[in-house]
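Everything below concerns the one structure shown next.
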Number of protein chains: 2
Amino acid sequence: MTDKPLVNKRGQTEQEYLRTYDASQFERPSVTVDMLIFTVVDEQEENYRKLSPKSLQILLVKRGEHPFLGQWALPGGFVSPRESLEDAAKRELFTETNIQNIYLEQLYTWGDVGRDPRMRVISTSYMALVDSSTLSLQAGDDADEAEWFRIEDKWLKETKTATENGTVTEKWLELRLVNAKEELSATIKITKTIANRIVQVKREIVDAGNIAFDHAKLIQYALERLRGKIEYTDIAFALMPELFTLSELQQVYEVILGKELLAAAFRRKVADKVLETNQYRKHAGHRPSKYYRFNPEWMEQS
Amino acid sequence: MTDKPLVNKRGQTEQEYLRTYDASQFERPSVTVDMLIFTVVDEQEENYRKLSPKSLQILLVKRGEHPFLGQWALPGGFVSPRESLEDAAKRELFTETNIQNIYLEQLYTWGDVGRDPRMRVISTSYMALVDSSTLSLQAGDDADEAEWFRIEDKWLKETKTATENGTVTEKWLELRLVNAKEELSATIKITKTIANRIVQVKREIVDAGNIAFDHAKLIQYALERLRGKIEYTDIAFALMPELFTLSELQQVYEVILGKELLAAAFRRKVADKVLETNQYRKHAGHRPSKYYRFNPEWMEQS
DNA sequence: AGAATAGTGTCTCTAAGACATTATCGG
DNA sequence: CCGATAATGTCTTAGAGACACTATTCT
């Protein structure tokens, strides 16, 4: 940088400083990544004319070791010294699903003390979105005891109280994760405090319902983020196969948002984001629908 | 939980397992928090009739030790074993500014290897928003070499290339941090890859321009998040004093978004979020403006 | 034929953009 | 009076919501 080497108060150059630096002087926490792997799958439908309803699913693994032995947890693991956080997330994703190159987004880093009874653990959660048609090729392979759960949440109750300089709103939610074999149900309390024009949100687990660690909280948070992001970005396409009909796309929006959308408005909204093909989905007992694909020219803002 | 205690494959109960657990078996990274502390201040204005223009500022500290000795860095420090991530952020904020109970939000966790030449460091960045009127009371106190910098960014150039199954957009930005005494200028490249309907964004420092570590990247990211959030949340109020005029509020939006807004539309938009007072800002060489305060009853969606 | 979805047309309503107009001060 | 900001009125435009209507298939 300059001709004269920079020295610190003890007269050391950078090389000297680094040579004598003791990296072990601070006690360090363990760092892990937790994966929130979502997909949307078709449920069974007996009436051949009707569209099969879709459901949002999340991947969990059964714990084979203490703590929380036998309970269900998010896939994840320790970040090794030589890999970046994102590489660790990709590695965990690959070992769990055998899939690469899918949508992956860092969500939040959970750093409360006491999250893990063994030691201090700080963990960063990543959300991955998988197209279920890719997935079905290798469902239930080597992964011991990894299973998909249908995910739903239910509003339970809400209270709002006035305080000296603002309000406090408490909201209770039930998070339900359902499988052919298992049914997990957790209760989470979300407290929103408004004081002195500052909004703060806190999440607490009221009942973990057989979900290990604080993972019920991480799942609820991810679901909220997924809902928020699907409205103003194009992440929904990461859940779709290469070719899809507009009705299928709309179903994906509906199952994530948990409400029905009007077809006319929906089609107007996505019109610029998709490209027509000349293929049709046929043999469905009703008018065939055109297949579309994602339009990569569509530039989302940012 | 049950009468028979759960045991793992080695026949251990949870108590036995935890007693024999070796917490030091994995090599662990250091974890730090980095603080992005923003405020909006009035610049000088000679014409007594005109409103003083506002500028967005960020707090930096001058490094007194290797590495990056003499360069400017974000305030921050190590997370200690007994405090949560958020507590660490609050502690750093307090030691740096003497302020508590302000807006604080976790932004992102940076986990690339080689971010710090001393050792593996993973750091979580937190954004804090400060009302500058509170701040002026204790500006430039004990904090050695902490200073506010006016922050601006400038679009430099953009390229868009078609690839096999999507597009790649590269955008170069200049980040300028200006002070009475110093002027830092960094260049950042943002690469946005769209492949197979999946969007990925990567940030790289092209020229760190006397900003320590990868902090230029963290600052640019925080600025982008601040811009995004001010549009769909009410965080702007965290930057305002208790009483403010609507023109002042509009100025804050304008300086953060970097564009002018139409007064009529702006007033319609914030009308429900504020409460009138019967006080006026006078002696300004023009029609007095009414003071408003934040309306805590205004519920933002979430 | 009829049950179902696919796809379009169009009216209404709301919110944002644009811009003109009035109000009010300090000098 | 003048220069400046404060505050409101109103026309236009864009987009979402609502809903009716037409098109097309398979058993």
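Convention: sequence-line order gives letters A, B, ...; per-chain numbering from 1.
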Open item on the list: For chain B and DNA chain C, what are the first and last nucleotides along the strand, 5' to 3', with at least one atom under 4.0 angstrom from a heavy atom of the protein chain?
Closed with: C:dA16 to C:dG27
Open item on the list: Looking at the base of D:dG17, is there any donor atom on it, or on the side chain of A:Arg268, that sits under 3.5 Å from an acceptor on the other one?
Closed with: yes
TODO: Mind calculating the distance between CG (A:Leu261) and C1' (D:dG15) to the nearest angstrom?
DONE: 15 Å
TODO: Using a 4.0 Å heavy-atom cut-off across all strands, classify B:Ala263 as base, sugar-phosphate, or nothing.
DONE: nothing
TODO: Could you tell me whether A:Leu262 contacts a base, only the sugar-phosphate backbone, or nothing, with contacts defined as non-hydrogen atoms closer than 4.0 Å?
DONE: base
Task: Donor-acceptor pair between B:Thr39 and B:Gln57 side chains, under 3.5 angstrom - done: no
Task: Donor-acceptor side-chain pairing of A:Gln251 and A:Tyr253 below 3.5 angstrom - done: no
- [ ] To the nearest Å, give me how far apart CZ (A:Arg281) and P (D:dC26) are.
- [x] 13 Å
Open item on the list: Does this structure show an ion pair linking A:Glu105 with A:Lys229, if we count only N-O contacts that are shorter than 4.0 Å?
Closed with: yes
Open item on the list: Let me spell it out: for each of A:Arg49 and B:Arg267, pick the nucleotide of DNA chain D with the closest heavy atom. Which residue's pick is nearer the 5' end?
Closed with: B:Arg267
Open item on the list: At less than 4.0 Å, is any side-chain N or O atom of B:Asn47 found next to OP1 or OP2 of D:dA4? Yes or no.
Closed with: yes
Open item on the list: Applying a 4.0 Å non-hydrogen cut-off, can you work out what A:Lys282 is touching in the nucleic acid: base, sugar-phosphate, or nothing?
Closed with: nothing
TODO: Find the distance A:Phe266:CZ to D:dA18:C1' and express it as a whole number of Å.
DONE: 17 Å
Task: Closest-nucleotide ordering on DNA chain C, the 5'-leading residue of B:His286 and A:Lys290 - done: A:Lys290
Task: B:Phe244 CZ - D:dA6 P separation (whole Å) - done: 14 Å
Task: Between A:Gln200 and A:Thr193: side-chain donor-acceptor atoms closer than 3.5 Å - done: no
Open item on the list: Taking atom types as they are modelled, would you say the side chain of A:Arg287 forms a donor-acceptor pair with the base of D:dA23 within the 3.5 Å cutoff?
Closed with: yes
Task: Distance flag, aromatic centroids of A:Tyr280 and A:Tyr291, threshold under 6.0 Å - done: no
Open item on the list: Between P on D:dA4 and CD on B:Glu45, what's the gap in Å once rounded to a whole number?
Closed with: 10 Å
Open item on the list: Between A:Glu183 and A:Ser185, is there a side-chain donor-acceptor contact under 3.5 Å, judged purely by atom types and distance?
Closed with: no
Task: Rounded interatomic separation in angstrom, taking OH from A:Tyr253 and P from D:dA16 - done: 12 Å
TODO: Could you tell me whether A:Glu147 and A:Lys181 have a side-chain N and a carboxylate O separated by less than 4.0 Å?
DONE: yes
